[in-house]
Amino acid sequence: MINPKQFPLCEQLVERLIHKFNDGGWITLCDERIFSCLVSDNTLEKSMSYDAWDINYCQVGPIINERTDGAFISYSRYWADNFEPIVMYLENEGRWDEEVFLTEEFVMYFKLHKEPKGKNEYAYYQVDECGDDVEVAKVKNKNLEIKLKYVKEYIAVKKLNLLIFNDEVVYSDKSLDKLSSHQIPIHVITDEDYIFSYALDQNPGCNLRYKSYAIFRGKCAYRHDEKDIQHLWKLRDSGYEDFIVGADENGNEISMSCDEYRMPNLFTRQDDEPYSLSPIFFKRDVLSKYYQAVEKYTVQDGYLLGPSWGIRIDNDRLDDYVVVALVDLGRMPHKEQIHWRHFNVLPPKNSSYSMTTYNRWFAAIPTDCSIAPDLVFKHLYVQTNNKWEKKYGWPLFKELAVDDQYHFETLHLMGQNNDQKEFDGLIQSITKLVIDSLNEKQLVKGIDCNKPDVIQLLTEKNIKELKPSNIQGGITKFECFLISEGVLNSDFVKLLREIQELRSCTVAHRKSTKLDSKTESLFNFFGILQNSDKIVLSNLLSRLNEMLKWLISIAK
């Protein structure tokens, strides 16, 4: 066994070479004095017989052969056919700094994405099946470090070996006597997976500042092995969690793995034994994570869609739960299973799937959501626009801007009874959808200012010149349009006005603060003083659903 202390001034260099530049699972493929390449088995055996580099930074690109008169002769992809690059290098030219980067084949094999981190600094990321970034390699100036397991899989599938070269000259202001050593002539040390040459001498006199120096040059090898193929080209988080399926006669929870191959199915279960389609209950808050990351997840009626996975969910419910079939839990990444496990609860007495889910999954009956106010609202909202466009030629609610679409996608029932921040955000979304999105331009065109009821309303609003262009406020325009159509419902107009007022004051007032008469009246209208935020929101959505149903009816 080589003892690095036998090589003064180069102890750390020898140590790094012996450990093949492995530092906690990361290896260096390129640095100021380090480089690497891939070689076949035959080339490896020849290369490990000498300590010199087989390829350097400037020899990794393609070679164009031409005569002295400029006539083209041939083209080669690499400098030498026996040595394939894994790291590419571009020298600095003009305004461009030198750059080190992984070969295109390596990047495409693992589907890596390159992200700048600063000047001459960036990282390579792989996206796992949960949609999360996984750092694979990092580059700073000429230094490139990468996770060893990725390199091992890459050389295994290519059946090539990795060579890493190192070349250093180390100077010291200590004499050989102080180094407790003497002159050591250059000699070569070999082992199965590394070879290096070393020499120690006093300063030859070219620089009086230093009294001694050492020369170190060598290489090490990583050999390909099929056992290193971990299928990292597509990151999968394997594993199966246990979930609560019920309780025994003593009240102790009974759990079962969501591994499909370890659970009974509908045909093999015995009596009341839990099986693959057993309903597993979760607190509604389990979905909060997905509502907060709309760029990665979509929560739909009956389905949760992730970056590369999706599962059926039973969320058309009035209770505080989301229900999933046991077998479906095993079809999402293990990391996601762990998240769901934190919200897993014992099934309530006599509870099961909702009627909507039963019809869809077991009776094969196409069924729209009909229970959960948030899902019903989204369904009716779209239907309202479709009906109005069919009758009037334009949608009642304008299409949301791209940056505002999350207001619709993330509208949901609350899990916690009281969460002021979440409640305010949901009220903001509702206002954006039913008030700020009113198609005012088209509503104005449909207002008949000659109708007595319209004249009366505009007079009450102190509008001097009675014409549509002078009407201010989307709700007033909506009200005038309904009057013009002869279908005014004052209760729903009042509801919209109260919602608009609620958005303005919910942030400024808490239930515990002293309220003025106007705010107290508003809070009583929504039942805020009597109920939790969760109930207030649910009731509000139910009232809006009644309004949307009415809007659909008048557009027929």
Exercise for review: Could you tell me whether Q230 atom CD has more than 12 heavy atoms of other residues or ligands within 6.0 Å of it?
Suggested key: yes
Review point. Side chain of S437, backbone of K432: donor and acceptor closer than 3.5 Å?
Key: yes
**Study point:** Side-chain heavy-atom pair L411, K378 within 4.5 angstrom cut-off
**Key:** yes
Exercise for review: Verify whether one side chain among K219 and S47 offers a donor that lies under 3.5 Å from an acceptor in the other.
Suggested key: yes
Practice item. Decide yes or no on side chain to side chain contact (heavy atoms under 4.5 Å, CB included) for M414 and D419, but give the supporting numbers first. Key: CA-CA 8 Å; M414 295 178 61; D419 186 326; 3.9 Å; yes
Check your understanding: Counting only heavy atoms not in E66, do more than 12 fall under 6.0 Å of its CD?
Key -> yes
Check your understanding: In terms of heavy-atom contacts, does CG of N141 have more than 12 from other residues, nucleotides or ligands at under 6.0 Å?
Key -> yes
Point to revise | Sidechain-backbone polar pair: R284 side chain, D319 backbone, donor-acceptor under 3.5 Å | key: yes
**Study point:** Sidechain-backbone polar pair: E98 side chain, L90 backbone, donor-acceptor under 3.5 Å
**Key:** no
Review point. With a 4.0 Å cut-off, would you call K421 and D424 a salt bridge?
Key: no
Exercise for review: Would you check if the side chain of Y210 reaches a backbone N or O of V170 as a donor-acceptor pair within less than 3.5 Å?
Suggested key: no
Study note, to complete from the structure: Residues at least two apart in sequence or cross-chain that pass salt bridge (Lys or Arg N to Asp or Glu O under 4.0 Å) with K114, listed by chain then number, are E99
Exercise for review: Indicate whether the side chain of N265 and that of T268 have a donor and an acceptor atom separated by less than 3.5 Å.
Suggested key: yes
Practice item. Check step by step if side chain to side chain contact (heavy atoms under 4.5 Å, CB included) holds for V157 and I229. Key: CA-CA 7 Å; V157 297; I229 300 177; 3.8 Å; yes
Check your understanding: Is a salt bridge present between D167 and R33, judged by a nitrogen-to-oxygen distance below 4.0 Å?
Key -> yes
Check your understanding: Of T367, D316, D368, which meets side chain to side chain donor-acceptor pair (under 3.5 Å) against T356?
Key -> D316
Revision key, fill the gap. Checking V294, D374, L305, I313 against V299 for side-chain contact (heavy atoms from CB on, under 4.5 Å), the one that qualifies is I313
Point to revise | Residue H187 excluded, over 12 heavy atoms near NE2 under 6.0 Å | key: yes
Review point. Checking side chain to side chain contact (heavy atoms under 4.5 Å, CB included) for the pair H182/Q202: CA distance, chi angles, key distance, verdict?
Key: CA-CA 9 Å; H182 52 82; Q202 61 184 357; over 6 Å; no
Exercise for review: For the pair R223 and D193, evaluate salt bridge (Lys or Arg N to Asp or Glu O under 4.0 Å) and give the outcome as yes or no after the intermediate values.
Suggested key: CA-CA 8 Å; R223 302 174 186 270; D193 286 338; 2.7 Å; yes
Point to revise | Test: D173 and K211 ion pair at under 4.0 Å | key: no
Can you list, pair by pair, the side-chain donor-acceptor contacts under 3.5 Å of residues 270-280, counting residues two or more places apart and other chains?
unit_1	atom_1	unit_2	atom_2	d
E273	OE1	Q270	N	2.9
S278	OG	Y275	N	2.8
S278	OG	Y275	O	3.0

Review point. So Q337 and Y240, side-chain hydrogen bond (donor to acceptor under 3.5 Å, both in side chains) or not? Walk me through it.
Key: CA-CA 7 Å; Q337 294 176 29; Y240 296 94; over 6 Å; no
Exercise for review: May I ask you to decide whether D301 forms a salt bridge with R360, counting only side-chain N to carboxylate O separations under 4.0 Å?
Suggested key: yes
Review point. Roughly how far, to the nearest 0.5 Å, is the CD1 atom of I18 from the OH atom of Y194?
Key: 4.5 Å
Exercise for review: Determine whether the side chains of D242 and S255 contain a donor N or O and an acceptor N or O closer than 3.5 Å.
Suggested key: no
Exercise for review: Answer yes or no: does atom NZ of K174 have more than 12 heavy-atom neighbours from other residues, nucleotides or ligands under 6.0 Å?
Suggested key: no
Review point. Charged N to carboxylate O under 4.0 angstrom, R217 versus D51?
Key: yes
Check your understanding: Between the side chains of S354 and D314, is a donor N or O closer than 3.5 angstrom to an acceptor N or O?
Key -> yes
Practice item. Check whether any side-chain heavy atom of Y198 sits under 4.5 Å from a side-chain heavy atom of C10, and report yes or no. Key: yes
Review point. Can you check side-chain hydrogen bond (donor to acceptor under 3.5 Å, both in side chains) on E241 and H334, steps first, answer last?
Key: CA-CA 7 Å; E241 289 293 302; H334 184 233; 2.8 Å; yes
Point to revise | Aromatic contact, Y154 with H224 (centres under 6.0 Å) | key: no
Check your understanding: Using a distance-only test with no angle check, is there a side-chain donor-acceptor pair under 3.5 angstrom linking Y150 and Q126?
Key -> yes
Check your understanding: Could you walk me through whether D228 and K149 pass the salt bridge (Lys or Arg N to Asp or Glu O under 4.0 Å) check?
Key -> CA-CA 7 Å; D228 293 326; K149 63 181 181 179; over 6 Å; no
Exercise for review: For the pair K227 and D225, find out whether any cationic side-chain nitrogen is under 4.0 Å from an anionic carboxylate oxygen.
Suggested key: no
Review point. Any sub-3.5 Å donor-acceptor pair from E409's side-chain atoms to T298's backbone N or O?
Key: no
Review point. Under the 3.5 angstrom rule, does the side chain of S181 hit a backbone N or O of D177 as a donor-acceptor pair?
Key: no
Point to revise | N22 (side chain) donor-acceptor with I27 (main chain) under 3.5 angstrom | key: no
Review point. Does any N or O in the side chain of H379 come within less than 3.5 Å of the main-chain N or O of L375, such that one atom is a donor and the other an acceptor?
Key: no
Point to revise | Min side-chain heavy-atom separation Q416-D285 under 4.5 Å | key: yes
Practice item. Using modelled atom types only, decide if a donor and an acceptor are shared between the side chain of Y381 and the backbone of L433 within a distance under 3.5 Å. Key: yes
Review point. Taking the side chain from E91 and the backbone from C58, do they hold a donor-acceptor pair closer than 3.5 Å?
Key: no
Point to revise | Validation row, ring centre F101 to ring centre Y124 under 6.0 Å | key: no
Exercise for review: Step by step, work out the salt bridge (Lys or Arg N to Asp or Glu O under 4.0 Å) result for E260 and R262.
Suggested key: CA-CA 6 Å; E260 183 174 2; R262 294 173 56 190; over 6 Å; no
Check your understanding: Any Lys/Arg nitrogen of R331 or E336 sitting under 4.0 Å from an Asp/Glu carboxylate oxygen of the other?
Key -> no
Practice item. Flag yes if more than 12 heavy atoms outside K289 fall under 6.0 Å of its NZ atom; otherwise flag no. Key: yes
Practice item. Taking the six-membered ring for Trp and the full ring for Phe, Tyr or His, determine whether the centres of Y291 and H412 are under 6.0 Å apart. Key: yes
**Study point:** Test applied, ring pair (Phe, Tyr, Trp, His ring centres under 6.0 Å); reference residue, F282; option that passes from Y321, W340, F343
**Key:** W340
Practice item. Go through the steps for C258 and V327 under the test side chain to side chain contact (heavy atoms under 4.5 Å, CB included), then give the verdict. Key: CA-CA 6 Å; C258 63; V327 68; over 6 Å; no
Review point. CG of N92: more than 12 outside heavy atoms within 6.0 angstrom?
Key: yes
Point to revise | Atom NZ of K152: over 12 foreign heavy atoms under 6.0 Å | key: no
Exercise for review: May I ask you to check whether F7 and F216 place their ring centers less than 6.0 Å from one another?
Suggested key: no
Review point. Which residue pairs satisfy the salt bridge (charged side-chain N to carboxylate O under 4.0 Å, His left out) criterion with at least one member in residues 119-139, sequence neighbours excluded?
Key: D97-K119, D128-K335, D132-K296, D132-K335
